[in-house]
Peer 1: 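Once you've had a glance at the structure underneath, I'll fire off some questions.
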Number of protein chains: 2
Amino acid sequence: MRIGDVASAVGLSTQTIRFYERRGLLPKPHRDPNGYRTYDPAILARLQFIRNGQGAGLTLLEVAAILELRGEGTSPCTHVRELLSTKLEDVRARQSELVALEAELESLISRSQRLDPADCTDVAVCHIIAPRR
Amino acid sequence: MRIGDVASAVGLSTQTIRFYERRGLLPKPHRDPNGYRTYDPAILARLQFIRNGQGAGLTLLEVAAILELRGEGTSPCTHVRELLSTKLEDVRARQSELVALEAELESLISRSQRLDPADCTDVAVCHIIAPRR
DNA sequence: CTAGACCTTGAACCCCGGTATAAGGTCAAG
DNA sequence: CTTGACCTTATACCGGGGTTCAAGGTCTAG
């Protein structure tokens with residue numbers, strides 16, 4: 001597959017794929033004699049993994065590190081386990097934050113349905129978004 | 001109040017307040033003859049509103065839009081309710097992503113613990129931490 | 001042979017939410 | 001009159017995640 005095939009298969013631009021390569025998320029691909037990148041279809045799963053991790057708040061650098069471990073299955077460095085454990089803690093902490101934000105939003109929405117818009121004052125701007133109790 | 005008074009009253013830097021002004025979140029303030037910004041204490045409620053909006057996960061652009069509606073004399077309530085509902089959906093989607101990522105990380109950590117840790121005592125051998133290949 | 005669709009590179013640019021730096025003006029106290 | 005705290009502006013920078021631009025090389029169909 002050439003870069004354009006990969007790009008359209010995963011819904012990214014060719015520039016983004018080259019960008020990922022520069023950032024170390026993708027291995028350096030084979031080059032045809034003309035210099036074109038040529039990919040094995042396995043690259044698609046890798047790109048999917050990148051999207052998953054990224055969508056959940058990992059940086060590209062972190063995704064790159066995880067991909068190394070996942071793909072190679074080699075060198076289970078203590079260092080790497082620490083990285084993954086730290087990330088896991090981060091993910092759990094972020095989950096808690098989002099749960100709190102969810103509750104806050106639910107409360108604001110619920111309040112917005114009980115209040116009269118006429119209560120909004122210029123100073124407060126909008127009664128829906130108000131200081132936490 | 002001068003900008004420094006406002007800044008310390010709300011716990012922001014003076015640069016941030018000027019930044020908000022440039023972004024259209026704050027009205028252009030009165031200027032003293034010497035050019036200094038002078039604020040009515042009502043600015044504090046507006047800054048509080050901005051903080052609350054950010055706390056609810058709104059971007060500065062979204063907060064600015066609400067403030068602008070208010071400034072035009074429109075009650076922004078309906079708009080705000082829609083905005084908050086959309087945010088709530090975003091937050092829930094992100095939570096699901098994080099749960100999936102948590103499982104992925106747990107799996108990677110578990111696998112890394114089954115592999116032989118003695119193989120990776122040398123820092124240089126740990127290809128994850130090593131410079132880009 | 002030429003058009004056009006693909007590919008290559010490097011560099012510059014964009015958004016977000018600020019923060020930092022530089023170079024200067026103003027003002028009250030000592 | 002100087003010091004120091006405040007204020008002004010413009011401009012650059014940060015990280016994170018790309019996108020766009022410019023200038024070219026390559027391949028395939030007609």
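Here is the naming used below: chain letters follow the sequence lines, and residue numbers restart at 1 for every chain.
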Peer 1: Quick one: A:Glu21 CD to C:dG10 C1', roughly how many Å, whole number?
Peer 2: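 Distance check: A:Glu21 CD to C:dG10 C1' gives 14 Å.
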
Peer 1: Mind calculating the distance between CD1 (B:Ile50) and P (C:dC16) to the nearest angstrom?
Peer 2: 16 Å

Peer 1: Testing the basics here: between B:Leu44 and B:Ala9, what is the closest heavy-atom pair and its distance to 0.1 Å?
Peer 2: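 Of all heavy-atom pairs spanning B:Leu44 and B:Ala9, the closest is CD2-CB, 4.0 Å.
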
Peer 1: Check the distance between D:dT8's C1' and B:Ile17's CD1 and give it to me in whole angstrom.
Peer 2: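 Atom-to-atom, B:Ile17 to D:dT8, this comes out as 15 Å.
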
Peer 1: Can you tell me if the side-chain N/O atoms of B:Arg31 get under 4.0 Å from OP1 or OP2 in D:dT9?
Peer 2: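 Yes, such a contact exists.
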
Peer 1: Pick one: which of A:Ile3, A:Val6, A:Asp5 meets side chain to side chain contact (heavy atoms under 4.5 Å, CB included) with A:Thr14?
Peer 2: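 Answer after filtering A:Ile3, A:Val6, A:Asp5: A:Ile3.
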
Peer 1: I want to check one thing: is the phosphate of C:dG18, taken as OP1 and OP2, less than 4.0 Å away from some side-chain N or O of B:Ser13?
Peer 2: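 Checking B:Ser13 against C:dG18: no side-chain N or O falls below 4.0 Å of OP1 or OP2.
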
Peer 1: What integer distance in Å separates A:Leu12:CG from D:dG17:P?
Peer 2: 14 Å

Peer 1: For B:Arg23 and B:Arg2, find the nucleotide of DNA chain C closest to each by heavy atoms; which residue's nucleotide sits nearer the 5' end?
Peer 2: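 Nearest nucleotide further toward 5': that of B:Arg23.
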
Peer 1: Need one value for A:Leu61: base, sugar-phosphate or nothing, where a base atom within 4.0 Å counts as base even if backbone is also close, heavy atoms only.
Peer 2: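 Here A:Leu61 touches no strand at all.
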
Peer 1: Separation of B:Gln15 atom CD from D:dC13 atom P, in whole Å?
Peer 2: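 For the pair B:Gln15 CD and D:dC13 P, the rounded distance is 17 Å.
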
Peer 1: Within the pair A:Arg18 and C:dT8, is there a side-chain N or O less than 4.0 Å away from OP1 or OP2?
Peer 2: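 So the side chain of A:Arg18 is within the cut-off, an N or O lying under 4.0 Å from OP1 or OP2 of C:dT8.
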
Peer 1: Roughly, in whole Å, what's the span from CZ in A:Phe19 to C1' in C:dA12?
Peer 2: 14 Å

Peer 1: In whole angstrom, what separates B:Leu60's CG from C:dC15's C1'?
Peer 2: 12 Å

Peer 1: Between atom CG of A:Asp32 and atom OG1 of A:Thr38, what is the distance when rounded to the nearest 0.5 Å?
Peer 2: 3.0 Å

Peer 1: Which sits closer to the 5' end of DNA chain C, B:Thr59 or A:Asp5, going by the nucleotide each is nearest to?
Peer 2: A:Asp5

Peer 1: Rounded to the nearest 0.5 Å, what separates atom OH in B:Tyr20 from atom CG in B:Leu47?
Peer 2: 7.5 Å

Peer 1: Pairing donors with acceptors under 3.5 angstrom, does anything connect the side chains of A:Thr16 and A:Ser13?
Peer 2: yes

Peer 1: Nearest whole Å is fine: how far is D:dT19 P from A:Ile3 CD1?
Peer 2: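 Going from CD1 in A:Ile3 over to P in D:dT19 covers 12 Å.
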
Peer 1: Any chance the side chains of A:Gln95 and B:Glu102 put a donor and an acceptor closer than 3.5 Å?
Peer 2: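 The answer is yes; a qualifying pair exists.
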
Peer 1: For the backbone of B:Glu106 and the side chain of B:Ser110, can you confirm whether one donor and one acceptor N or O come within less than 3.5 Å of each other?
Peer 2: no

Peer 1: Would you give the length of the straight line joining atom CZ of B:Arg46 to atom CG of B:Leu67, rounded to the nearest 0.5 angstrom?
Peer 2: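 Answer for the CZ-CG pair, B:Arg46 versus B:Leu67, is 4.5 Å.
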
Peer 1: Near DNA chain D, under 4.0 Å by heavy atom, which residues of residues 32-39 of chain B?
Peer 2: B:Gly35, B:Tyr36, B:Arg37

Peer 1: Quick one: is A:Thr16 getting a side-chain N or O under 4.0 Å of the D:dG17 phosphate, OP1 or OP2?
Peer 2: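 No, no such contact exists.
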
Peer 1: Which listed nucleotide (D:dC7, D:dG18, C:dG18) is nearest to the side chain of B:Tyr20?
Peer 2: C:dG18

Peer 1: Look at B:Gln54 and C:dG18 and indicate whether a side-chain polar atom (N or O) is within less than 4.0 Å of OP1 or OP2.
Peer 2: yes

Peer 1: Please determine if a side-chain N or O atom of B:Arg22 lies less than 4.0 Å away from the OP1 or OP2 oxygen of D:dT11.
Peer 2: no

